Amino acid sequence: MPEVFWNRMTAPALRELAAQGAPVLLPVGSTEQHGPHLPTGVDDFLSTEACRRAAAIMVAQGRPVVVAPSLWCGLADHHVEFGGTFTLTLATYHALLRDVCRSVLTAGFRKILIVNGHGGNVTALHAISSEISRELSAPIAVTSYFVAGQARIAEILEDQDTLMHACEGETSMTMAIAPDLVDGVRLAEAVGPEIALQSAPSEAIHVPRSFHEVTSSGVAGDARSATAEKGEAILDACAEAIAEWLMK
């Protein structure tokens, strides 16, 4: 397969792809605690992998595409109490995304899709993408890979309808792409309450609180039924949804 990652290509190759009208996928995630059994980079790894698979689908259809380097830090203040977490302020996150998107546009590209992998980024990204689209006079689209593939995810998972946190879904996908980073010895501890995604609050009034108040394990959902096969299916389904939108 031709190279799709921005930081593995030369500047002339990128200029050529820009001239061909290639869209740029920008994976964004977070580096934060993911329970006792998963690495802190899960959200970053999975958003990048969803983009890579979407790009592979497009390349197979003869369509040009670029996957930008991921933004591995997001809005994760609610996870700080567990340790192992980086987080940004909203103003810093806005400025970082604006400047990255400006760089993409300055390089000659005209279509950007931010692909998010962290529930805590969702609400902010919707607002930020609207603002930077106006600031840069270019449409900056945004999705979360787990929202793009939500209908299929609900069919694949056994114990939940959507992704939660360090759960059946996220653990399955990590098993699929980085099984050596999953601590199988501690998988039995990877259980917590079911929660709604940050983008779909279950309560009428939002009161900020630490994730530690929600779950002492750092897990929301139940990871014990996770399998690599489920992870492969989820990632493929999400990638197909993203690629389908880009190729419209």
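These numbers come from a predicted model, not from an experiment.
Across all non-hydrogen atoms, the minimal contact from A220 to C167 is O-CB, 3.3 Å. When all heavy atoms of A22 and V66 are compared, the pair lying nearest together is CB-CG2, 4.5 Å. Across Y145 and A50, no two heavy atoms sit closer than the pair CB-CB, 3.8 Å. Scanning both residues, A166 and T171, for their nearest heavy atoms gives O-OG1, 3.4 Å. The two residues V214 and P193 have their closest heavy-atom pair at O-CG, 3.3 Å. Here the closest heavy-atom approach between residue L26 and residue P69 is recorded as CD1-O, 3.5 Å.
Below 30°, between 30° and 60°, or above 60°: for H78 and H118 the angle between ring planes is below 30°, a parallel geometry.
Under the 4.5 Å side-chain contact rule for hydrophobic residues, M1 and I242 share a cluster. Under the 4.5 Å side-chain heavy-atom criterion for grouping Ile, Leu, Val, Met, Phe, Trp and Tyr, V219 is not connected to L187 through any hydrophobic cluster. Linking Ile, Leu, Val, Met, Phe, Trp and Tyr whenever their side-chain heavy atoms come within less than 4.5 Å leaves L25 and L136 in two separate clusters. Note on V28 and F146: separate hydrophobic clusters, where clusters join Ile, Leu, Val, Met, Phe, Trp and Tyr whose side-chain heavy atoms are under 4.5 Å apart, directly or indirectly. Linking Ile, Leu, Val, Met, Phe, Trp and Tyr residues whenever their side-chain heavy atoms come within less than 4.5 Å leaves V122 and L75 in two separate clusters.
Side chains of D44 and S70: a donor on one and an acceptor on the other come within 3.5 Å. Between the side chains of T162 and Q150, at least one donor N or O sits under 3.5 Å from an acceptor N or O. The closest side-chain donor-acceptor pair between E158 and S225, if any, does not fall under 3.5 angstrom.
For the pair I114/L71, no side-chain contact is recorded, criterion being any heavy-atom separation below 4.5 Å from C-beta on. Looking at E170 and D43, their side chains come closer than 4.5 Å, going by heavy atoms from C-beta outward. At least one side-chain heavy atom of L246 sits under 4.5 Å from a side-chain heavy atom of K111. With a 4.5 Å cut-off on side-chain heavy atoms, V115 and T143 count as touching. At a threshold of 4.5 Å between non-hydrogen side-chain atoms, the residues S30 and H79 do not count as touching. The closest side-chain heavy-atom distance from F211 to H165 is below 4.5 Å. Looking only at side-chain heavy atoms (C-beta outward), F5 and T48 come within less than 4.5 Å of each other. Considering only heavy atoms from C-beta on, V42 stays 4.5 Å or farther from M173 through its side chain.
Formation of a donor-acceptor pair under 3.5 Å by the S47 side chain with backbone atoms of P27 is not found in this model. With hydrogens and angles disregarded, a donor-acceptor distance shorter than 3.5 Å links the side chain of S133 to the backbone of I140. With hydrogens and angles ignored, the 3.5 Å screen pairs no side-chain donor or acceptor of S144 with any backbone N or O of V147. Looking at D222, its side chain never comes within 3.5 Å of a backbone N or O of V191 through a donor-acceptor pair. Panel note: side chain T31, backbone W72; a donor-acceptor pair is recorded below 3.5 Å. No donor-acceptor distance shorter than 3.5 angstrom exists from the side chain of E3 to the backbone of R8, with no hydrogens or angles considered. Of the possible donor and acceptor atoms, one in the side chain of S172 sits under 3.5 Å from a partner among the backbone N and O of T227. In terms of modelled atom types and a separation under 3.5 Å, the side chain of T92 and the main chain of L90 share no donor-acceptor contact. R110 contributes a side-chain N or O that, together with a main-chain N or O of L105, makes up a donor-acceptor pair within less than 3.5 Å. Distance alone, capped at 3.5 Å, is enough to place a donor-acceptor pair between the E168 side chain and the D159 backbone.
Note that the CG atom of N121 and the NE2 atom of H126 stand 10.5 Å from one another [nearest 0.5 Å]. Considering CD1 of I132 and CD1 of I112, their distance stands at 7.5 Å, rounded to 0.5 Å. Note that CG of L17 is 10.0 Å distant from CH2 of W6, once rounded to the nearest 0.5 Å. Remark: H94 NE2 to T89 OG1 distance equals 11.5 Å, nearest 0.5 Å. For the atom pair CZ (R98) and OG (S129), the distance works out to 14.5 Å, reported to the nearest 0.5 Å. Interatomic distance, NE2 of H37 versus CZ of R186, reported as 10.5 Å (0.5 Å rounding).
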task = Given side-chain contact (heavy atoms from CB on, under 4.5 Å), test L157 with I234 step by step and report yes or no.
result = CA-CA 9 Å; L157 296 177; I234 292 170; 3.7 Å; yes
key: side-chain contact (heavy atoms from CB on, under 4.5 Å) between I57 and M247, intermediate numbers included   = CA-CA 10 Å; I57 292 169; M247 294 190 292; 4.2 Å; yes
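The side-chain contact (heavy atoms from CB on, under 4.5 Å) with E32 is formed by just one residue from the set T40, T85, T87; it is T85.
Salt bridge present: E232 and R53 bring a charged side-chain N and a carboxylate O closer than 4.0 Å.
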